[in-house]
Amino acid sequence: MSSDEKPAAPRSLAEDLRARDDGSLAALLRARPDLITPVPTDLTQLATRAGTRASVVRALERLDRFALQTAEALAVAADPAPYEELSGLMAGDAADPAVTAALPRALGTLRGQALVWGADDRLRLVRTARELLAPSPQHPSPTGLGPTVQEATAGMSPGRIQELVTTAGLPTTHDSVSAVTSLMTLFTDRRRMAKLLAGAPAESREVLSRLVWGPPYGQVTADPAAHLRWLLDRGLLLPTAPGTVVLPREVALHLREGRAHRAAEPLPPAVEAAATHRPQVVDATAAGQAYTALATVEELLKDWDEGGPAVLRAGGLSVRDLKRTAVALDVSEPVAAFWVELAYAAGLVASDNEADERYAATPAYDEWLEQPPAQRWTRLAEAWLAATRTPGLVGGRDAKERTLSALGPGLDRSAAPEVRHRVLVLLAGLPEGTAPAAESVLARLRWERPLRGPQRDDDLRARLARWTLTEAELLGVTGRGALSGHGRALIGAPAGKPAAGASSGTTKAGGRRAGSGVDASSAPGGSSAPSSGPGDTAAASGPGDKLPVHHHAVPAHALSPLTPPEQAVASAAAARLLAPLLPEPLDHVLLQADLTAVAPGPLQRPLADMLDVLAEVESKGGATVYRFTPASVRRALDSGRAASDLHAFLAEHSRTPVPQPLAYLIDDVARRHGHLRVGATSAYVRCDDDAMLNEIMADKRAAGLRLRRLAPTVLATQADPAALLDGLRAMGFAPAAESAEGDVLITRALAHRTPPRTAPEPVPDGPPTPDPNLLTSAIRAIRAGDLASTTPRKPTSADPAGGELPRTSAAETLATMQAAVLTGETVWIGYVNAEGSATQRVIAPIRVEGGFVTAYDHTADEVRTYPLHRVTGVAELADD
């Protein structure tokens, strides 16, 4: 072929793929990873797999709205169709410039995904896609168009067709084919068609207007009205079944001014701003929520420290246990389900798999507690981004009308990670500090992944997007609805610059410098903004307010999901940005005379753990209030602490003097603690003070314990020791349990942990995107296999026509191999591997000995050795 000669047009999708370079094939396999599982043997098999129904449906579902509209237009165009016809169907007679400009991109997308092939003058939609998108009575086209005149008149009698031609003002023809062609020519001629319709009755034009945008089918009686008869006589409506008529495609396109769709959507809808805030305010608010998230997860698992709720027989939490958890966390049940599922996704909670199966913290929870707060947050955020379990479904019902429970089966939705990432990327595309309007985000997602068929308000992707916006705010990825600085870093978005005129009290990342105190804007429950400097502008309440902010919008298409190594780097960057915004843990509390202690911020872990034993949490918020009670002090004494230990602890960690009432409370409880001893007979009480035992015996509240005196200092009962301890404590005494040897038992609570558990694996949405190394190897193997299958070869006597695999006798195979070694020729062989799979290869034999042939394998592009008994046959390649 000369250099001026154009390459021949491809006759099949396989030939079209064969003409593509490796970059195009790699892009195809990235966009449709199901085509590489397993790796096709050659390009013909790749093309066959790309045309299967399941693969085509999956590819169509991942097209944006305009690319899908382009495919729908091709499905109603001629096969093959020139580019001009496709452009006319998309842009209409007016040639909408926006559609015309966007069409090459959409067509390139369809070509890149092997849904369309062929040159611009012969565009072909793959057969399966055409079958799915072309109009039919059972499956109307999304375009609303009906069949062509040729399709609608396929079963019509020749006489009736000639009547239609005559009534339409056309000359009769000698056959039905030319008559139908004449009618189609009339309907596609804009001038002549306009003249025909100008003479139509008004009622007839009204009927056409009702059918023009679909559905194109209507019902008529056996004796239609005059205005319907006018349309039927001229072929503007054609019968398809008794009582049913259809508007031919050519007529509809004339009425639509050539457009296949009522409204082409070449450009995605913009994500609109609902409010704008200073980035510092957003970061501080998000950091406060991040701190609250850590505290909530810690509180949840502390509540389950000694063994959490029981596991239902079908798996998951019961409705009652979820309600109890919501009350304990002081949140609603849906929010409680989110925190429980988040802890599970992060591998911090699991079932213990014991006989009495319960949920409990895992050993990973103890490791998590030892990490810095910012790293603990990134672990939760990473788990949330990747999780396919969807807490928003809790309380709903599955396909079998069974209630979906938290931590139970049926909550996995494979689209969840993609939707979460996409929503955050759209937020990153807005100027910093801008909160989006939720409906505009949903509209953008619907454009990017339109539903095939009627739009529904409750589609899964829309619900996932709404839940993402809510969960991101709960987790502290967003603040006041806008993506935070550490949220941007988490998804790999480039960091922006601080607001112009930022005060010296902010860090480079836009957050406040950490100090010894607690910033109200970053503490849990705080919402006030950092103080503004002289040049600052207060946070705006709407998108119209002026803000001194450098807007760094990220293109929505610029970010793709991160690989695990990339995510690790992004999480580390997010932790660095978040760390200065989180309040520093404190080593002190403020003791007050009303037997309370105020923690003005988060406490260091040893101090917080001790206060949890010594006092009861009375209220939470920006500051936590603890209350000391006789029961809480007794709990601390039961755990092995002495009164002197408690006094020393409070004196060390209080910024105020220890109030006298608190010191008296500790001494009074300690004085009585252990004065009574409870052991097992079933149970007994002993005390050196017989007067105290007389008091117990005389108390009416002791009647239920059925005590009897064994000695002046000993009482006995049939109740068990635990019931006796509870009974005496309810009467106001402070008994201590003792062992069989008479020693006081220390009743320190033991944390219950599950055996080591791994976090639940996300349920993938189809095959994963292949990595570059796999793509390179796969394309190399496909090319080599295609070379082997398409290389011309000489027919053999056993297979004169050149079958799938060459077939020769063992002697012929050996002789041909030996001859190829001497001449250095390349031959074509059939080979069956150890698994029984038959393949064809092109090899250049180097050595034949011991029943093996060593050759350079062009298919694998390396030297290999093959047993001769596994070679089905050998054939010489053609001379060209």
Side-chain angles (χ1 to χ4, degrees), residues 289-290 292-301 303-304 308-309 311-312 314-351 359 361-362 365 377 379-399 402-424 438 441-442 445 458-478 487 490 757 759-765:
Q289 279 302 120
T292 302
L294 297 178
T296 303
V297 172
E298 190 173 341
E299 182 180 359
L300 167 69
L301 296 182
D303 188 50
W304 293 5
V311 180
L312 294 175
L317 285 180
S318 67
V319 174
R320 180 180 302 176
D321 285 328
L322 182 60
K323 288 181 178 179
R324 289 173 179 168
T325 302
V327 171
L329 298 179
D330 193 22
V331 296
S332 64
E333 291 176 39
V335 174
F338 168 70
W339 293 121
V340 169
E341 285 288 344
L342 180 62
Y344 177 62
L348 305 180
V349 67
S351 62
Y359 288 106
T362 65
Y365 170 62
W377 180 83
R379 177 163 177 177
L380 295 180
E382 283 182 13
W384 173 69
L385 279 175
T388 55
R389 292 185 61 83
T390 310
L393 296 172
V394 172
R397 295 188 176 275
D398 62 10
R402 295 174 299 195
T403 302
L404 297 171
S405 59
L407 299 181
L411 295 184
D412 283 292
R413 296 295 183 271
S414 55
E418 179 200 347
V419 173
R420 289 193 195 104
H421 181 269
R422 189 62 193 146
V423 169
L424 295 184
V441 174
L442 300 182
L445 291 177
D458 62 341
D459 68 274
L460 178 61
R461 287 179 63 86
R463 286 186 292 159
L464 288 172
R466 290 192 182 96
W467 293 332
T468 296
L469 293 172
T470 302
E471 293 167 1
E473 192 76 11
L474 286 173
L475 192 53
V477 177
T478 59
L490 185 69
R757 294 279 189 267
E761 288 291 332
V763 176
D765 184 18

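Note: hydrogens, waters and symmetry copies are ignored here, and every other heavy atom, side chains too, is used. When a residue number appears, it is its place in the shown sequence, counting from 1.
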K.L.:
Would you say the side-chain atoms of W304 pair up with the backbone N or O of V349, donor to acceptor, closer than 3.5 Å?
P.N.:
no
K.L.:
Using only atom types and a distance under 3.5 Å, with no angle test, would you say the side chain of T403 pairs donor to acceptor with the backbone of R397?
P.N.:
no
K.L.:
Just verifying a value: how many Å separate L469 CG and L464 CG, rounded to the nearest 0.5 Å?
P.N.:
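That separation rounds to 11.0 Å.
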K.L.:
The criterion is salt bridge (Lys or Arg N to Asp or Glu O under 4.0 Å); which residues satisfy it with E382, sequence neighbours excluded?
P.N.:
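Counting only residues at least two positions away or on another chain, E382 forms no salt bridge (Lys or Arg N to Asp or Glu O under 4.0 Å).
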K.L.:
Does R463 reach the side chain of D459, with side-chain heavy atoms less than 4.5 Å apart?
P.N.:
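When only atoms from C-beta onward are counted, D459 and R463 do not touch, as no gap falls below 4.5 Å.
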K.L.:
Search all heavy atoms of A416 against all heavy atoms of A387 and return the closest pair with its distance.
P.N.:
CB-O, 3.9 Å
K.L.:
Which pair of non-hydrogen atoms, one from G315 and one from Y359, has the smallest distance, and what is that distance?
P.N.:
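Nearest heavy atoms, G315 then Y359: C-OH, 4.3 Å.
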K.L.:
Between T388 and V763 (side chain of the first, backbone of the second, donor and acceptor by atom type, cut-off under 3.5 Å), is there such a pair?
P.N.:
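Yes; judged by distance alone, with no hydrogens or angles, the pair exists.
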K.L.:
Would you give the length of the straight line joining atom CG of L300 to atom CG of L348, rounded to the nearest 0.5 angstrom?
P.N.:
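Nearest 0.5 Å value for the CG-CG distance: 9.5 Å.
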K.L.:
Going by heavy atoms in the side chains, are E471 and P391 under 4.5 Å from each other?
P.N.:
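The answer is yes, as the side chains (C-beta and beyond) meet within the 4.5 Å cut-off.
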K.L.:
Side-chain atoms of residues 325-346: list all donor-acceptor pairs with protein atoms under 3.5 Å, sequence neighbours left out, distances to 0.1 Å.
P.N.:
{"residue": "T325", "atom": "OG1", "partner": "D321", "partner atom": "O", "Å": "2.9"}
{"residue": "E341", "atom": "OE1", "partner": "R389", "partner atom": "NE", "Å": "2.7"}
{"residue": "E341", "atom": "OE2", "partner": "R389", "partner atom": "NH2", "Å": "2.9"}
{"residue": "E341", "atom": "OE2", "partner": "L407", "partner atom": "N", "Å": "2.6"}

K.L.:
When you look at L424 and L385, which way does the side-chain contact (heavy atoms from CB on, under 4.5 Å) test go after all the steps?
P.N.:
CA-CA 10 Å; L424 295 184; L385 279 175; 3.7 Å; yes
K.L.:
Got a donor-acceptor contact below 3.5 angstrom from the R413 side chain to the G410 backbone?
P.N.:
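Yes, R413 side chain to G410 backbone: donor-acceptor pair under 3.5 Å.
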K.L.:
Of all the heavy-atom pairs spanning A386 and P417, show the shortest one and how long it is.
P.N.:
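Looking at all heavy atoms of both residues, the shortest contact is O-CG, 3.5 Å.
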K.L.:
Start with the C-alpha distance between L460 and V419, add both sets of side-chain angles, then the distance that settles side-chain contact (heavy atoms from CB on, under 4.5 Å), and finish with yes or no.
P.N.:
CA-CA 10 Å; L460 178 61; V419 173; over 6 Å; no
K.L.:
Looking at every non-hydrogen atom in both residues, tell me the closest pair between S405 and L411 and how far apart they are.
P.N.:
O-CD1, 3.5 Å
K.L.:
Roughly how far, to the nearest 0.5 Å, is the OH atom of Y365 from the CD atom of E298?
P.N.:
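If we round to the nearest 0.5 Å, E298:CD and Y365:OH are 4.5 Å apart.
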K.L.:
Atom CG in L380, atom CG in L294: separation rounded to 0.5 Å?
P.N.:
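Taking CG in L380 and CG in L294, the distance rounds to 6.0 Å.
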K.L.:
Among all residues two or more places apart in sequence or in another chain, which pass the side chain to side chain donor-acceptor pair (under 3.5 Å) test with D303?
P.N.:
none
K.L.:
Rounded at 0.5 Å granularity, tell me how far CG in L393 sits from CG in D398.
P.N.:
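Result: 10.5 Å between the selected atoms.
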K.L.:
Measure the shortest side-chain to side-chain distance between P309 and L317 over non-hydrogen atoms and say whether it is less than 4.5 angstrom.
P.N.:
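Yes; the side chains approach each other to less than 4.5 Å.
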K.L.:
For L445 and V423, what are the C-alpha separation, side-chain angles and deciding distance, and is it a side-chain contact (heavy atoms from CB on, under 4.5 Å)?
P.N.:
CA-CA 8 Å; L445 291 177; V423 169; 3.9 Å; yes
K.L.:
Would you confirm whether R420, through its side chain, and W384, through its main-chain N or O, come within 3.5 Å as a donor-acceptor pair?
P.N.:
yes
K.L.:
Please report the interatomic distance CZ(R757) to OG1(T362), rounded to the nearest 0.5 Å.
P.N.:
9.0 Å
K.L.:
For residues L475 and A381, report the shortest heavy-atom separation together with the two atoms involved.
P.N.:
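That would be CD2-CA, 3.8 Å.
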